[in-house]
Amino acid sequence: QLQLVESGGGLVQPGGSLKLSCAASGSTKDYYAIGWFRQAPGKEREGVSCISPSGGRTNYANSVKGRFTISRDNAKNTVYLQMNSLKPEDTAVYYCAADSRSGWFGCNLSGSSRYNYWGQGTQVTVSS
């Protein structure tokens, strides 16, 4: 099995930056696409970004394009989400999740059910 742990959340002012980390342990010999999702109170979970096992394909929600960057360091079993120019509407709990079904070159944000491993989440609050 695979375990995922998010870190890096916190309180920032609008326009500020945070870098989230998703560290994997356990069955790390397998290949996984990693997705970042977020959920605010009273709202449905939404996909933010994902990255293929190869690192060569990335996808972003329209609301974060140009502001967020996803990357991975497979040698460290870690995926990062660099978040710049943060807005109050980015406030949410951010989760990383692993998907083994999208292939070496793929990642998918359209359906969270395909992600079979989830971290515990990290709170991101953007407020002045």
Side-chain angles (χ1 to χ4, degrees):
Q1 62 177 354
L2 186 70
Q3 296 85 42
L4 302 174
V5 178
E6 303 96 333
S7 62
L11 173 65
V12 296
Q13 296 185 8
S17 298
L18 284 174
K19 188 174 184 178
L20 306 183
S21 297
C22 175
S25 62
S27 184
T28 56
K29 289 185 176 181
D30 295 330
Y31 300 107
Y32 300 94
I34 298 294
W36 284 98
F37 298 81
R38 66 187 182 187
Q39 187 167 26
K43 297 183 178 180
E44 292 188 348
R45 183 171 56 199
E46 64 173 335
V48 176
S49 183
C50 66
I51 187 167
S52 67
S54 70
R57 182 183 295 273
T58 59
N59 290 305
Y60 298 91
N62 288 334
S63 59
V64 307
K65 286 181 179 178
R67 300 188 297 120
F68 290 11
T69 302
I70 191 170
S71 62
R72 69 188 300 159
D73 185 340
N74 286 342
K76 297 181 179 179
N77 296 314
T78 302
V79 173
Y80 306 95
L81 185 67
Q82 178 67 51
M83 306 187 297
N84 298 325
S85 301
L86 284 162
K87 304 175 181 179
E89 51 263 44
D90 295 318
T91 296
V93 177
Y94 284 70
Y95 300 89
C96 67
D99 162 32
S100 64
R101 305 175 185 180
S102 296
W104 180 249
F105 299 105
C107 75
N108 195 310
L109 283 177
S110 62
S112 62
S113 62
R114 68 168 44 249
Y115 290 85
N116 50 351
Y117 299 99
W118 292 81
Q120 84 289 349
T122 185
Q123 177 71 46
V124 172
T125 302
V126 185
S127 176
S128 60

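Source: prediction; values computed, not measured. Quick note: numbers below take in every heavy atom, side chains included, and nothing from hydrogens, waters or symmetry partners.
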Checking Gln39 side chain against Ala92 main chain: does a donor-acceptor pair fall under 3.5 Å?
-> no

Side-chain (Thr91) to main-chain (Val126) donor-acceptor, under 3.5 angstrom | yes

From Asn84 CG over to Lys19 NZ, what is the distance, rounded to the nearest 0.5 angstrom?
-> 10.5 Å

Give me the one residue out of Asp73, Ile51, Asn74 that meets side-chain contact (heavy atoms from CB on, under 4.5 Å) with Val79.
-> Ile51

To the nearest 0.5 Å, what is the distance between CG (Asn77) and OG (Ser25)?
-> 8.5 Å

Rounding to 0.5 Å, atoms CG (Leu4) and CD (Glu6) come to a distance of 7.0 Å

Parallel under 30°, tilted from 30 to 60°, perpendicular over 60°: which one fits the rings of Tyr94 and Phe68?
-> tilted

Could you label the plane-to-plane angle of the Trp118 and Phe37 rings as parallel, tilted or perpendicular, counting under 30° as parallel and over 60° as perpendicular?
-> tilted

Residues, nucleotides or ligands: over 12 heavy atoms within 6.0 Å of Glu44 CD = no

Does Arg57 reach the main-chain N or O of Ser52 with its side chain, forming a donor-acceptor pair under 3.5 Å?
-> no

Distance, nearest 0.5 Å, that separates CD1 of Ile34 from OG1 of Thr58 = 14.0 Å

Counting N and O atoms only, with roles assigned by atom type, does the side chain of Gln1 sit under 3.5 Å from a partner on the main chain of Ser27, one being a donor and the other an acceptor?
-> no

Distance col, row Lys65:NZ vs Asn59:CG, nearest 0.5 angstrom, shows 8.0 Å

Test of ring centre spacing under 6.0 Å for Tyr31 and Trp104 = yes

Please walk me through it: do Leu11 and Ser127 pass side chain to side chain contact (heavy atoms under 4.5 Å, CB included)?
-> CA-CA 7 Å; Leu11 173 65; Ser127 176; 4.3 Å; yes

Between Arg67 and Leu86, which heavy-atom pair has the shortest distance, and what is it?
-> NH1-CA, 3.9 Å

Kindly indicate, with the supporting measurements, whether the criterion side chain to side chain contact (heavy atoms under 4.5 Å, CB included) is fulfilled by Val48 and Met83.
-> CA-CA 11 Å; Val48 176; Met83 306 187 297; over 6 Å; no

Scanning both residues in full, the closest heavy-atom pair of Asn108 with Ser102 reads CB-OG, 4.2 Å

Locate the shortest heavy-atom distance separating Pro53 from Ala33; write the atom from each residue and the value.
-> CG-N, 3.5 Å

Transitive ILVMFWY side-chain link Tyr95 to Val124, under 4.5 Å | no

Are Ser100 and Tyr117 close enough, and set up right, to give a side chain to side chain contact (heavy atoms under 4.5 Å, CB included), and what steps lead you there?
-> CA-CA 9 Å; Ser100 64; Tyr117 299 99; 5.9 Å; no

Residues at least two apart in sequence or cross-chain that pass side-chain hydrogen bond (donor to acceptor under 3.5 Å, both in side chains) with Arg101, listed by chain then number, are none

Atom OG1 in Thr69, atom CG in Leu81: separation rounded to 0.5 Å?
-> 8.0 Å

Evaluation steps, side chain to side chain contact (heavy atoms under 4.5 Å, CB included), between Leu109 and Trp36 | CA-CA 9 Å; Leu109 283 177; Trp36 284 98; over 6 Å; no

Using modelled atom types only, decide if a donor and an acceptor are shared between the side chain of Arg114 and the backbone of Ser110 within a distance under 3.5 Å.
-> no

Indicate the atoms forming the closest heavy-atom contact of Ser85 with Ser17, along with that distance.
-> N-OG, 4.3 Å

Would you check if the side chain of Tyr32 reaches a backbone N or O of Tyr115 as a donor-acceptor pair within less than 3.5 Å?
-> no

